[in-house]
Each structure stands twice: as structure tokens, then as C-alpha cells.
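Before any comments, here is the structure.
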Amino acid sequence: MTKLVAIDQVKIGMFIKLDLSWFEHSFPMSSFKITNEQQIQDLIALKLKHVRYIPAKTDPAALRLIEPAHNETPKALDSDRAPANVFDSIIAAKKARFEKLQLQREEIARCEAKFIKASAVVKNINKFIFSKPKETLVEAGQLIDSIADVFLTGNDAIMHLIQQSEGTEELYFHALNVSVLAMMLAHEMNCTEAQMKVIGMAALFHDLGKTKIPDQVNKKITPLTKPEQNLLELHPVYGVEIGRVAGMDKVTLDVMANHHEYMDGSGYPNRLKGDGLSLPTRIITVANVYDNLCNHIDFHQSMTPHEALSIMYAHRKSQFDPAVMGVLIKSLGVYPPGTLVRLSNDAIGLVMNVNVGMPLRPRILVYDDEIPKKEAIILDLSAESSELAITGSIRPGLLPKAIFDYLNPRKRVSFYMDSKIKNVSAATLSGDV
């Protein structure tokens, strides 16, 4: 329910709903909570006599200060509106926002296309590693080089949520996710270019031994029997056997053997711990566990990215290298791609990507019932006022159906790295893996 209030009665803490098209005002959204005096001044500049507000979403302190007008739908009459020069400024600002939004959509589409090509490469790697090992390792190296370039070009690295992946080829998506995550961690831990690429290759092949495990065990969603669990725990051994035949390097063989070992000695197959685990293994173990928690073989047991980080840090901390775990949290923030969030203006959105250098200021796909889903607003918090921020995460099951369908949170989370491209036109946004 909305009520009408005179423009001179608008207060900080009031949640308003503008009866103007998106291009007729300068705000990111048409419905939002007033958080500062500048927003009030911007509203006054629109020369509307009244605006609507939503009492249920307005702060109690603001409600006590309001002297509401009679409850009618405000009309945006010519006499109410700002002079032409004010609207010219508003339209220019909104045009700039629209062009930026278009570039962001192009950037997302480009990254999704790169991810699809990369996942096809991973599929080929698993298919031909037995029959064409040398050629396959070359192809894998080219993929790793392309991902490394994102970190080495000097542009800001961005981790994108990939919207097109559904769980039909989880093995390939998992290998790619772990490789991207591990390379991000290696870069943030100041590893050399050569070290980062070796870690990326090892991550790409870490689960290769699972190709020797029957699907009825690999893809079983009910609890494994003891014999089945024993068989699954042999996949590191099988991976090393395959890797040796293919001529893989020592780091990759070590990661294949030990990526289920933990710092506290609770892992398998050899209960190694602490200094017995190499840095590449410790990095890839963290990436592997994070992706497995987000993308459980039974999607009903999959955690949100926010939950996965929380579980790893609060309940499984002793299993992981604290330096690696700290870098993961610092790089992804507490709201990784795929997290549903509430903003300080009470808007609800889905984290689409993370600016690795500014993890608490990601881009958010925002729910707005007045804007078609295909034209949904993407807010880049790194470019917005600091007063607009994430206030918390939301479990998907708690969302009303209309918001859930609009934001379309994925049952399985995939992501890919790209560089933030600055000062380019939409026509330049193309490229290959």
C-alpha cells in the first residue's frame, strides 16, 4: 500500500515510489529508500508536488515526521515538472547510465561465450587425454594461458556469474571452476606467472581419476555404502596413474594425489597434514571444497556461495591453510557471485560478478517489478554512492515466487574470469577464449 506525501515532507528513511519512467529521473531505480539529503534535493529538482511512499518499508522515525497528503495517485503534469534544462540534465545522466548498462550486458554475454568455449575445451581434454595426451596437454595449456592473461594484462579482474550453465556436465564445469578459483588465489598470493599457470593446469586435471569411477558412484545422490566410498577415495590414485602415462608434471601429479588431504590430517587417501602438503595442493584444496559445497551432486544439498564461505571459515577452518582461506574471503568478499542480497535501499538482487579488488562492491542484478526481466537493471556498486551497499544475504527459498523467477538464482553456480574493459564502445566487445 502506498500513500501520498507533499514533496517538502519527504524525509530520510522514507521508501518512495516514483510515478515516472526510468528516463525521467536520475536515480538508479524508481523505488528506493531515501538515505541522504542529496536525494531529496534531486527529487525537488523534478518539480513534482507530491510523491508516493510505502509506509511498510519506511523507517518508523521518518513516519513520525511525515504529514501525509490525501491518498491519491500523483499526476506528473507539465506544471509539476522541472524546467527543460533540468530535464535535459536528467535525460543526459540517464542516457549515460543506459549506455553503461548496455556495455555491462555485452561484457556479461562475452564472458558467458568464453566460458562455453572453455568448458568445451575441458570436455575435449577429458575425452582425448588417453588417446592423444601430448596434443591434449597443449590444448589445456592454451586454455590456462588465456585465463592467466586476465590477471596479467593489468586490467581489473572480474569474476562473472555464468547464467547459462545447468547441471548436465558437472565434471567439466567443476574442473573449470576450480581452475579459475585456484588461479585467482595464486595471483592474489603473489605467485609468479609460471607458478599460477602450473597451478591452473593442476586444478584442471585434479579430478581426472574420477573418469575411472563408475557413474553410479560418481553421480549417486544418496549416501554411499562403505565399499562405494572406498572406491571413490581411490580416484586420486587413479588420477596419478593416468597422469604419469600422459607425461604430466610433478606438481599436477602431487595435486591429483593429495587434493582431498587436509591441514589437520582428516583427509584421504594418506591422512597427510600441514607441511606434508605443497602450496599448490593447499590452494587447489580450498578451491575444490568451495566449489563442491556450492555445486553438490545433489543440488538440493548445494549451499549458496555465502553459506559455503561461512561453513568453510567457521566450521572447517582447521582443514585449510589459513593464508589461502584468508585470500579466498578477501577476493570474493562475503557475497560471492550467485549470492542473493538485500541492499541498503531495501532492493533485492543477485550478485552477478565480483570486482576482485573491491569484493564488497560487486555488480547486482536488481529486482524491479516495473522493469521487464530482460531489461533488468544491473547496479555496479563500485560506481554508486557508498551509502548504497549490501546489508545481508537471502536464502533462495525465502524469496517470493515473483522475485525468485525474475532473478533466477541457479541451482548450480558457475563462474569465469574476465577483465573490466574501460572506455570502449559496444562494438569492441568481442573476443575468443
Residues which pass side chain to side chain donor-acceptor pair (under 3.5 Å) with Glu99, listed by chain and number, not counting sequence neighbours: none
How many angstroms lie between CD1 in Ile403 and CG in Leu350, if you round to the nearest 0.5 Å? 12.5 Å
Verify, without hydrogens or angle tests, whether Asp215 (side chain) and Asn218 (backbone) share a donor-acceptor contact under 3.5 angstrom. no
Could I get the full list of side chain to side chain donor-acceptor pair (under 3.5 Å) partners for Asn288, not counting sequence neighbours? His174, His206, Asn292
With sequence neighbours excluded, residues passing ring-ring contact (aromatic ring centres under 6.0 Å, His included) with Tyr238: none
Pairs in or reaching into residues 183-199: which pass side chain to side chain donor-acceptor pair (under 3.5 Å), with residues at least two apart or in two chains? Asp145-Lys197, Thr192-Gln195, Glu193-Lys197
Quick one: list whatever passes ring-ring contact (aromatic ring centres under 6.0 Å, His included) with Phe404, sequence neighbours left out. none
Sequence neighbours excluded, which residues qualify as side chain to side chain donor-acceptor pair (under 3.5 Å) partners of Ser30? His25
Using the test side chain to side chain donor-acceptor pair (under 3.5 Å), find all partners of Lys226 that sit at least two apart in sequence or belong to another chain. none
Any residue meeting side-chain contact (heavy atoms from CB on, under 4.5 Å) with Asn345, in chain and number order, not counting sequence neighbours: Met29, Phe32, Lys33, Leu343, Ala347, Leu388
Pairs of donor and acceptor atoms involving the side chains of residues 129-140, under 3.5 Å and at least two apart or interchain, shall be tabulated with distances.
unit_1 : atom_1 : unit_2 : atom_2 : d
Thr136 : OG1    : Phe128 : O      : 3.2
Thr136 : OG1    : Lys132 : O      : 2.7

Could you tell me whether Lys250 and Asp254 make a salt bridge, using a distance below 4.0 angstrom between a side-chain N and a carboxylate O? no
Applying side-chain contact (heavy atoms from CB on, under 4.5 Å), name anything that partners Pro28, two or more places apart in sequence or on another chain. Arg97, Leu379, Glu384
Show me the pairs that pass ring-ring contact (aromatic ring centres under 6.0 Å, His included) and involve residues 322-377, at least two apart or across chains. His306-Tyr335, Tyr367-Tyr406
Residues in ring-ring contact (aromatic ring centres under 6.0 Å, His included) contact with His296, at least two apart in sequence or another chain: none
